[in-house]
Amino acid sequence: MRVADQLRHINERINEACNRSGRSPEDVTVIAVTKYVSAERAQEAVDAGITSLGENRDTELIRKQDVIKGSPEWHFIGSLQTRKVKAVVDRVSYIHSLDRLSLAKEIEKRAPHAVRCFVQVNTSREPSKHGLKTEEVIPFIRELSDFRNISVEGLMTMAPLTDDTETIRACFRQLRDLRDQVQQLNQTNAPCRELSMGMSNDYEIAVEEGATFIRIGSSLVGNETGGVNK
Ligand SMILES: *Cc1c(COP(=O)(O)O)cnc(C)c1O
């Protein structure tokens, strides 16, 4: 499957989800998650019009960044070990996985300028998932108020893998409500306008619930075998 064809299909579904929810498609950015695929395949996504790429390993991100043409923005989407911050901090436009104070301190120390971050929230409360519990988010962001090199641009979550769309939707709604609460803090380094939520299986629900960044891997660029799910 060509990435361009997959992207056209995904964009149609985003448009329909926007129509259903009274949103504008320009407010939704598709991040092509290229962690499963080659640099060539990632390049195909950029050539098809993708402007944001997502990776979850420092080595892969650096390897691809060095060869991919077209200057996409790079998003670090996976859990980030503190010792890896130095390697990626000035290579990425966004970090989607800020979930603890030790990580924030390392970013604060290593970053040459303010880094746009998403605070990761475990809305499904699955023990296996990374991210803060919902009730921890506001106190955590308050603790960051003196961090000059961190800008909390938004919140990120992963919904559980389930066919129960109402459970998924409830997670996304929680994230949006929480985003609205963070905005009310009026904290200078936490404008918190963005919502990073929705993946291959649930991005339409995420768009209906207000996602501004959706992270799509397998159904856009395929998995390691080059295949595309769905
Ligand atoms: C892998 C990954 C994705 C993309 O998953 P798909 O289901 O393949 O679209 C999105 N977000 C995060 C954090 C990921 O690790």
Side-chain angles (χ1 to χ4, degrees), residues 3-37 41-56 61 64-65 68-78 80 88 91-98 114-121 123 131 151-159 168-169 171-173 175-176 178-180 182-183 190-222 228:
V3 177
D5 293 331
Q6 292 302 120
L7 183 59
R8 198 169 314 118
H9 174 70
I10 289 166
N11 278 335
E12 277 167 20
R13 291 167 75 168
I14 293 171
N15 286 348
E16 285 162 15
C18 282
N19 284 340
R20 289 194 293 275
S21 53
R23 301 190 59 211
S24 165
E26 291 95 78
D27 295 338
V28 182
T29 299
V30 177
I31 301 170
V33 176
T34 50
K35 67 186 185 196
Y36 319 102
V37 300
R41 191 74 170 164
Q43 183 69 60
E44 214 187 310
V46 174
D47 295 344
I50 286 287
T51 55
S52 288
L53 297 181
E55 283 285 337
N56 65 351
L61 186 140
K64 288 196 177 94
Q65 196 171 53
I68 285 174
K69 298 184 183 65
S71 311
E73 292 201 300
W74 292 84
H75 296 248
F76 197 93
I77 59 165
L80 179 55
V88 299
R91 288 179 168 262
V92 298
S93 298
Y94 292 90
I95 293 172
H96 289 246
S97 45
L98 179 56
V115 182
R116 293 180 282 182
C117 296
F118 287 83
V119 171
Q120 184 167 349
V121 188
T123 51
S151 176
V152 178
E153 296 294 305
L155 304 180
M156 178 275 208
T157 201
M158 291 170 87
I168 295 170
R169 194 178 293 282
C171 286
F172 294 154
R173 282 203 179 139
L175 199 72
R176 188 182 62 204
L178 209 46
R179 191 255 329 250
D180 295 347
V182 176
Q183 286 184 351
C192 208
R193 294 190 191 93
E194 314 295 347
L195 289 171
S196 169
M197 58 189 197
M199 317 195 335
S200 289
N201 291 319
D202 55 22
Y203 68 89
E204 290 161 278
I205 303 171
V207 169
E208 287 173 6
E209 296 303 330
T212 60
F213 286 93
I214 57 178
R215 311 176 309 267
I216 308 191
S218 41
S219 73
L220 176 58
V221 292
V228 169

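The model shown is predicted, which means the values in this text are computed figures rather than measured ones.
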Non-hydrogen atoms of [X] and [Y] that approach each other most closely:
| X | Y | value |
| --- | --- | --- |
| I68 | W74 | CD1-CH2, 3.9 Å |
| A42 | T34 | CB-CG2, 3.5 Å |
| S200 | S218 | OG-OG, 3.4 Å |
| S196 | L175 | O-CD2, 4.3 Å |
| H75 | S52 | NE2-OG, 3.1 Å |
| C192 | L155 | SG-CG, 3.9 Å |

Legend entry - R20 bridged to E208 by N-O distance under 4.0 Å: yes

Inset, instruction - Output yes when E44 and R41 qualify as a salt bridge under the 4.0 Å nitrogen-oxygen rule, no when they do not. - result: yes

Legend entry - Any side-chain donor near an acceptor of the partner, T157 and T123, under 3.5 Å: yes

Can you tell me how far apart [atom1] ([X]) and [atom2] ([Y]) are? Round to the nearest 0.5 Å.
| X | Y | atom1 | atom2 | value |
| --- | --- | --- | --- | --- |
| M199 | I216 | CE | CD1 | 10.0 Å |
| M197 | H96 | CE | NE2 | 13.5 Å |
| H9 | L220 | NE2 | CG | 11.0 Å |
| F213 | D27 | CZ | CG | 10.5 Å |
| I14 | I10 | CD1 | CD1 | 7.0 Å |
| K64 | E55 | NZ | CD | 3.5 Å |

Legend entry - Test log, rule side-chain contact (heavy atoms from CB on, under 4.5 Å), inputs L61 and R91: CA-CA 9 Å; L61 186 140; R91 288 179 168 262; 4.1 Å; yes

Inset, instruction - Return yes if some donor-acceptor pair links the side-chain N/O of R23 with the main-chain N/O of A211 below 3.5 Å, else return no. - result: yes

Legend entry - Check: Q6 side chain, V221 main-chain N or O, donor-acceptor pair, under 3.5 Å: no

Legend entry - Residue among V88, L98, V92 satisfying side-chain contact (heavy atoms from CB on, under 4.5 Å) with L80: V88

Legend entry - Working for side-chain contact (heavy atoms from CB on, under 4.5 Å), residues Y203 and V28: CA-CA 11 Å; Y203 68 89; V28 182; over 6 Å; no

Legend entry - Derivation of the salt bridge (Lys or Arg N to Asp or Glu O under 4.0 Å) call for E73 and R116: CA-CA 12 Å; E73 292 201 300; R116 293 180 282 182; 3.4 Å; yes

Inset, instruction - Please examine the side chains of R193 and T212, heavy atoms only from C-beta on, and report whether any two atoms are closer than 4.5 Å. - result: no

